[in-house]
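What follows is a set of notes on a single structure, which appears directly below.
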Amino acid sequence: MPENLFKLNAKEYILPGSRACQGCGLSLAYRYMLKALRENTIVTLPACCLCVLQGIYPSTPVMIPALNNSFASTAASASGIVAGLQALNRSDTTVVAIAGDGGTFDMGIQSLSGAAERETDFIYVCYDNEGYMNTGTQRSSATPLGAITTTTPILTKQQHKKDFIKIVEAHDIPYLAAVSPSYPIDLYEKFVKAKKIKGTRYIHMHIGCPPGWVYPPKDTVKMGRLAVETGLAVLFEVEDGKFRFTGRSKTIAQKGNRLPVINYVEKQGRFKKMNIEQLNQLQVWVDKKWDEYMRRAEG
Amino acid sequence: MSKVQIMTGNQAAAIGAMLSNVQVVAAYPITPQSQLAEIMSQYIEGGKLRAEYVRVESEHSALTVCISASTVGARVFTATSANGLLYMHEQLHWAAGARLPIIMCCVNRGVGAPWTIFNDQQDSFSQRDTGWIQIYCRNNQEILDTVIQAYRIAEKVYVPVMVCFDGFVLSHTMMPVEIPDAGKVRNFLPPYKPHTILSSEDPRNINPVLFPWRRENSEGILCDGYMEMRYKLQAALENAREVIMETDHAFHEVFGRKHGGMIWEYKTEDAELILTGMGSIASEATTAADMLRAEGVKAGAVGIRVFRPFPKDDVREAFKKARAIIIFEKAISYGYEGGLCSDLKSAFYGTDIKAPIHGYVAGLGGRDVKARELAEAAKASLADMKAGHIEKNTTWLNCHTG
Ligand SMILES: Cc1ncc(C[n+]2csc(CCOP(=O)(O)OP(=O)(O)O)c2C)c(N)n1
Ligand code: SF4
């Protein structure tokens with residue numbers, strides 16, 4: 001296992017010049033994810049920002065074969081690739097489905113649930129930038145309480161984020177992990193591990209988005225770190241039902257030095273209309289989730 | 001060795017798929033298709049067919065599985081009906097746009113609301129413009145043979161094929177069917193070669209975002225834009241006629257049966273009145289033609305077997321001598337008339353075919369239509385035509401419209 005960044009797979013699978021925005025957290029995450037998965041991987045993806053990152057025909061900056069599909073169908077597409085490769089005796093290929101929070105929490109939930117229940121042998125990756133960014137930052141069920149989006153422009157989002165990871169976990173899959181590109185080694189190691197496991201594996205990536213969250217592009221790594229340090233994003237893995245904090249979240253759990261959510265919220269323009277009541281509600285919500293994780297880590 | 005067995009239309013379709021050595025099956029149950037999905041799982045679980053069966057959670061996913069498996073190079077099969085087909089709508093376009101030779105049986109059923117489980121063709125008719133080839137079968141033998149033919153056609157032109165047959169009327173009705181020899185089918189169907197190989201040696205981004213205009217690739221070669229790709233799909237459908245005809249001829253040579261290619265004709269040589277339609281109602285029209293002949297009317301029938309690509313040249317030839325044309329359809333383009341009626345009229349535009357055309361909508365939601373009723377309707381139309389009523393609004397057969 002690599003101790004530091006220099007020990008990661010040196011090969012690049014994304015050439016310079018992708019169409020993602022400057023400072024896009026997805027570009028970072030996708031880069032490390034592909035390094036960990038290496039060749040002999042097939043990616044399937046729906047309409048989303050990644051579809052744009054993948055390039056406009058006839059060019060693509062990505063050196064791994066990818067299949068674009070409609071918005072609701074990511075995990076079903078992976079099922080088809082797996083079945084097709086199986087029928088052709090090519091089952092050594094790693095099949096990866098990757099979609100945004102909209103294509104996962106909302107429209108893709110049915111096909112993902114179906115594929116997981118069928119124990120399809122693939123890795124499902126949700127990159128969660130907490131909104132429909134490709135279509136212009138509309139609200140999704142992953143958008144946090146109090147955030148301005150283009151469909152919650154005045155009142156802000158009135159509900160908490162859906163705890164989607166719990167829904168996935170209810171499928172009793174062999175491996176589930178949450179990562180952030182601000183902690184690339186943790187991300188890399190989890191993909192290396194996931195690749196070796198058979199069955200449905202799920203990896204949740206918390207992805208900073210400068211235009212959608214309204215912060216300067218240079219701050220993406222910082223935003224990702226603050227999310228982890230405040231507990232709004234938690235680094236962990238669940239292997240055969242056993243929960244374990246990893247990386248920075250593990251240190252926070254040990255030291256008890258989790259920061260208040262205000263440290264994260266105040267840095268992003270999307271929360272500028274958040275009122276004190278919402279801020280308190282968000283803190284209570286994060287504390288409750290964190291306590292659940294702590295109990296599971298101890299139990 | 002060929003052998004004859006008594007079987008339902010669903011069974012005939014399943015045997016056709018098995019003999020075609022499909023490698024991936026994905027289906028979701030819906031009446032009247034369910035039995036077909038069940039038989040395929042029996043074949044696969046029972047070891048009669050070596051294939052992957054993906055028991056999906058919806059029709060949208062069924063077609064998605066087929067799309068992705070076909071992309072990586074597997075021969076795929078699915079089947080559905082009515083609302084299941086409508087639920088696939090987005091993926092129907094996707095399959096044709098991605099130029100994948102997927103074969104799907106549509107076991108024709110009326111669509112809700114309100115619910116009906118019974119037969120008409122509104123389901124597949126409403127998917128007419130998705131870029132699929134549509135073939136309508138008139139009996140169970142034709143269903144089995146057409147599934148096999150469909151793979152040969154689709155894999156040559158890279159266009160998906162919908163094999164349509166009437167729910168219950170064919171799907172659940174037993175008929176004698178000759179089962180072709182498996183070895184002969186293998187020779188008839190060369191292995192499927194996908195148009196693109198997905199591999200990291202030559203990484204590609206399939207079905208990506210396109211600009212409206214054409215663009216150069218990294219080697220400076222100007223590549224298609226969206227519109228060129230759409231044009232190629234249209235051209236592929238137009239050129240499919242030749243492949244469909246060749247396939248029916250080749251099938252006849254090997255198996256001794258032909259189904260007409262684009263259309264089939266019954267006693268049209270001297271017919272002054274031609275009854276026409278698609279699927280089992282066209283088959284019923286042949287009986288009606290015989291009844292009319294017994295009463296001294298020189299009647300014949302034409303079955304439109306392939307609805308897309310539309311058999312324009314074939315119908316121009318077949319209806320050349322007709323003095324009266326009557327169309328029976330199990331679907332309608334709401335707010336106008338039956339789609340086949342419109343298509344036939346437009347096919348005759350600018351030709352010498354000036355015969356009056358009367359359109360009937362019949363059998364919606366399983367409403368019974370007997371050959372005798374078709375014959376009576378034809379006689380009424382003839383009387384109208386003789387009285388000078390060339391134009392007539394669509395008549396709803398056996399329907400209380402008052
Ligand atoms: C059936 C369908 N409905 C709507 C859309 C429009 N659409 C394209 S991408 C997208 C949002 C994607 O959001 P998400 O999955 O969160 O990914 P992101 O863009 O944030 O990366 C939507 C709504 C579509 N492509 N298909
Ligand atoms: S909108 Fe956000 S997620 Fe999408 S490409 Fe831009 S930075 Fe990345």
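Letters A, B, ... are given to chains in the order of the sequence lines, protein chains preceding strands, and every chain is numbered from 1. Everything quoted here is computed from the prediction, not taken from an experiment.
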Task: side chain to side chain contact (heavy atoms under 4.5 Å, CB included) evaluation trace for A:Arg118 with B:Val56 - done: CA-CA 8 Å; A:Arg118 292 190 300 271; B:Val56 284; 4.3 Å; yes
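- When A:Ala75, A:Ser77, A:Gly114 are compared by the number of non-hydrogen pairs under 4.5 Å with chain B, A:Ser77 comes out ahead.
- The shortest side-chain heavy-atom distance between B:Val209 and A:Cys51 falls under the 4.5 Å cut-off.
- Between chain B and the options A:Ser59, A:Ser79, A:Ser111, heavy-atom pairs under 4.5 Å are most frequent for A:Ser111.
- Residue A:Arg19 touches chain B through its side chain alone, counting heavy-atom pairs closer than 4.5 Å.
- Residue B:Glu57 touches chain A through both its backbone and its side chain, counting heavy-atom pairs closer than 4.5 Å.
- Smallest separation of non-hydrogen atoms from A:Asn89 and B:Arg50: OD1-NH2, 3.8 Å.
- Of the atoms belonging to A:Ile42, it is side-chain heavy atoms, and not backbone ones, that fall under 4.5 Å from chain B.
- Comparing B:Leu210, B:Leu63, B:Asp202 by how many heavy-atom pairs each has under 4.5 Å with chain A, the most go to B:Leu210.
- With a threshold of 4.5 angstrom between heavy atoms, B:Val72 approaches chain A through its backbone and through its side chain.
- Counting heavy atoms from C-beta outward, A:Asn69 and B:Ser68 have side chains that approach closer than 4.5 Å.
- Looking at B:Arg204, only its backbone comes within 4.5 Å of chain A, counting heavy atoms on both sides.
- Across A:Gln110, A:Met63, A:Glu117, A:Glu39, the residue that shares the most heavy-atom pairs under 4.5 angstrom with chain B is A:Gln110.
- Of all heavy-atom pairs spanning A:Ala72 and B:His60, the tightest one is CB-CE1, 4.0 Å.
- Atom CZ of B:Arg230 has more than 12 neighbouring heavy atoms from other residues, nucleotides or ligands inside a 6.0 Å radius.
- Heavy-atom distances place no part of B:Ser218 under 4.5 Å from chain A, backbone and side chain included.
- Of all the listed residues (B:Ala74, B:Gly73, B:Ser70), the one sharing the greatest number of non-hydrogen pairs under 4.5 Å with chain A is B:Gly73.
- Sparse packing is recorded around CD of A:Glu119, with 12 or fewer heavy atoms of other residues, nucleotides or ligands lying under 6.0 Å away.
- Between B:Gln91 and A:Ser70, the closest side-chain pair of non-hydrogen atoms falls below 4.5 Å.
- In this structure, no portion of B:Arg75 lies under 4.5 Å from any heavy atom of chain A.
- Ranking B:Phe211, B:Tyr226, B:Trp94 against chain A, the residue ahead of the rest is B:Trp94, based on heavy-atom pairs under 4.5 Å.
- Ranked by heavy-atom pairs under 4.5 Å with chain B, the list A:Gly84, A:Pro65, A:Ala76 is led by A:Pro65.
- Of the atoms belonging to A:Ile81, heavy atoms from both backbone and side chain fall under 4.5 Å from chain B.
- Atom CD of A:Glu12 sits in a crowded spot, with more than 12 heavy atoms from other residues, nucleotides or ligands closer than 6.0 Å.
- Smallest separation of non-hydrogen atoms from B:Leu198 and A:Ala66: CD2-O, 4.4 Å.
- Scanning all heavy atoms of the two residues, the minimum distance from A:Phe71 to B:Glu90 falls at N-OE2, 4.2 Å.
- Of the listed residues (B:Asn205, B:Val65, B:Asn217), the greatest number of heavy-atom pairs within a distance under 4.5 Å of chain A belongs to B:Asn205.
- Looking at B:Gln23, the atoms closer than 4.5 Å to chain A (heavy atoms on both sides) sit in the backbone and in the side chain alike.
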